[in-house]
Every structure is written in structure tokens, then in C-alpha cells.
Amino acid sequence: MSKIAVIGSNMVDLITYVDRMPEQGETLEAPRFAMGCGGKGANQAAAAALLGADVLMVSKVGDDAFADTTLANFKRLGIDTRFVERVPGVSSGVAPIFVQENSHNSILIVKGANAHLEAADIDRAEAILRNCALIVLQLEINLPSVYHAIDFAHRHAIPVLLNPAPAVAGLSRKHLSQLSFLIPNESELALLSEKPVNSPQAAAQAARSLVAEGVRHVIVTLGEQGALYVGEEGEWRVDGHKVQARDTSGAGDAFIGCFAHHWSQDGNIRKAMEQAVAYSACSVTGLGTQSSYPDATTFARFVAALKTGS
Ligand code: RIB
């Protein structure tokens, strides 16, 4: 089985379900709270692992009980943690998340130990990274480390996927041009391309400008509208699925983890996108981030039900 490496963040999600967000200076009672394992990197690794991928995580946890929770979770999922290190005297990454009744979310992140993942940590994993089918990156670790990972992947001709989240303006064009896959959502795409993205047509236009700058494959996640591909294989759209959404937190990460798993199996981009659109639709029907990700069996049942319309 080909190995996927995720070089990136882990967080503990502190999720409060709210009827509405409080105004400044207001105290408001919220109906429900849940804690779960999150962080964009860890979520993507978890989704891939749940579907059966062999996943290596390169990440940093802090010096607290949250670190134990995260490490135990990686182990439970069968994720290779030999390059997940503790940083003494530093907190783990945490993400207070607020989910409103309409299922939409607002997220704050405190990077904590994630800000201590350095180029040297990536180099330490070189021998195993060189044998990976895909390296997956996000932007919850420091940018120089992300650039170092892209340079490393480029130097060794390892396919590299960047999910540019959370959105950061002014990413290095040289590094963007070295990517195999760039998978932004609409707002991340608008920031990166410096073009308005308010429709699938506008998204295609903006994605084309990044392909013209050298990215081989741009995949734009469009939420409930599915996803769009623009790149050296042409252009197409995979339609979304109508589901009863309860919590959209982590749906983008579900897409990336599922895409990475399927693409690394056979290199079929369209098929991997179809699976990823369905997997992220399934994830929004549950609560929380990783807690809403199905394993391969549950996902197969969800896909079968989509086909029969039940
Ligand atoms: O993409 C969702 C994730 O963003 C959450 O799990 C949270 O930890 C933040 O990293």
C-alpha cells in the first residue's frame, strides 16, 4: 500500500453549539459543548486513515493533557506517529469552534506547539518521506516550514498537495508553481488568485490563472455545490449531494483526506474527487470534525444510499 505523509497541524477542538453568536459584552448561554480531535493536518490524516490509507504524520504536540489525547487518537487510527514530537513548556494547538443552528461554523486557532514544527523536523523524516506517494500540507504550521516541505517534495519528485487553509495572502509564487495539487475553497482561491470568486464560473477563471502560473492541478471545493477541477487534464465539475447538514466543521479536511487516499491508490483524479465530494457530504451529517468522519464501511453504506436515493 502506498504511504501518504501529512506534514501539518493537530489541534484539540473545543466545540460550542450556539443558537446565535453573542454580541460584544454579552453573556449568552449555549446549549451544548463537545471536545474532539481536530487540526487541519490531523483531520486530513484521520480521514485518509479511516478509509484504509497508510498515513505518516509529521507534527508537534505540546506539554499538556491535550497532547496525550491527540497521540492516543493517532494511535487508535493506526497513524504512524514516529515523527510526532512533544514540545516542552508549550501548549498543544487548540481550536475554539462555534457552530450555529444553520450548521455553519466560526473557528479560532491557537497554533501552540504547531508553530514549533521546523524544517529540521521535516529533514529528520527524509528517509520515509522519500518513499511516500503523496505529501499533504496545510497552512496551520509556519510558512517557512511549508515552503521547506514543498522544496523537499520538488527536489525528490514526490507529488505534493497544498490545502491553503487557513487563507494566507501573498503565498510564494515559486512554491505554488511546484505543487502537484492546490485544493482551496472559494475564499482561499479568491485570496490566492486576487480575483473575485462568487460563482463556479468565476472559480474556474481564478483557478485557470493559477494553472497558468504552473500549478498542475487546481481543485476548488465548492461546499454543497461539489468541487471543480482545472488543470492539465482539462476542466470538469463534480456535483454536490443534498444532505441534511448538522455541522460543516472539518468538511474541507474530510474532502482532502479522502481525495489523498483515493488518488494515491490509482492516480485517477476524477474518481478521487467524486469520492471526496461524497465523503465530505457524509461528514456534514454528523457533529464535530473527526468525530463526523465515517470509516470505509460506513462510507460505503452512505454512497450506496446516495445511489438509491434513500
Ligand atoms: O478545518 C477544521 C479544523 O480547523 C478544526 O478541526 C480546527 O482544529 C481547525 O484547525
Verify whether the ring centers belonging to His156 and Phe152 lie closer than 6.0 Å. yes
Show me, pair by pair, the donor-acceptor contacts under 3.5 angstrom made by side chains of residues 100-110, not counting sequence neighbours?
from	atom 1	to	atom 2	distance (Å)
Asn102	OD1	His104	N	2.9
Asn105	ND2	Thr248	OG1	2.9

Drop me the distance from Ile4's CD1 to Gln44's CD, to the nearest 0.5 angstrom. 10.5 Å
Only distances under 3.5 Å count here; give the side-chain donor-acceptor pairs of residues 273-285 to other protein atoms, sequence neighbours excluded, each with its distance to 0.1 Å.
from	atom 1	to	atom 2	distance (Å)
Tyr279	OH	Pro294	O	2.7
Ser283	OG	Ser280	O	2.8
Thr285	OG1	Cys282	O	2.5

For residues Asp121 and His116, is any side-chain donor paired with an opposing acceptor at under 3.5 Å? no
Backbone N/O of Gly93 and side chain of Asn10: donor-acceptor pair under 3.5 Å: no
Ignoring hydrogens and geometry beyond distance, is a side-chain donor-acceptor pair present between Thr70 and Asn73 at under 3.5 Å? no
Is there side-chain contact between Asp80 and Lys3, with heavy atoms separated by less than 4.5 Å? yes
Which atom pairs, donor and acceptor, lie under 3.5 Å between side-chain atoms of residues 190-203 and protein residues at least two apart or in another chain?
from	atom 1	to	atom 2	distance (Å)
Ser193	OG	Leu189	O	2.7
Ser193	OG	Lys195	N	3.3
Ser199	OG	Gln201	N	3.4
Ser199	OG	Gln201	OE1	3.4
Ser199	OG	Ala202	N	3.0

Arg20 and Leu28, any side-chain heavy atoms less than 4.5 Å apart: yes
With a cut-off of 6.0 Å (strictly less than), are more than 12 heavy atoms of other residues, nucleotides or ligands near CD of Gln244? no
Carefully, step by step, assess Leu50 and Thr298 under the rule side-chain contact (heavy atoms from CB on, under 4.5 Å). CA-CA 10 Å; Leu50 279 163; Thr298 309; over 6 Å; no
Over 60° means perpendicular and under 30° means parallel, so classify the ring planes of Tyr229 and Trp236, tilted if in between. parallel
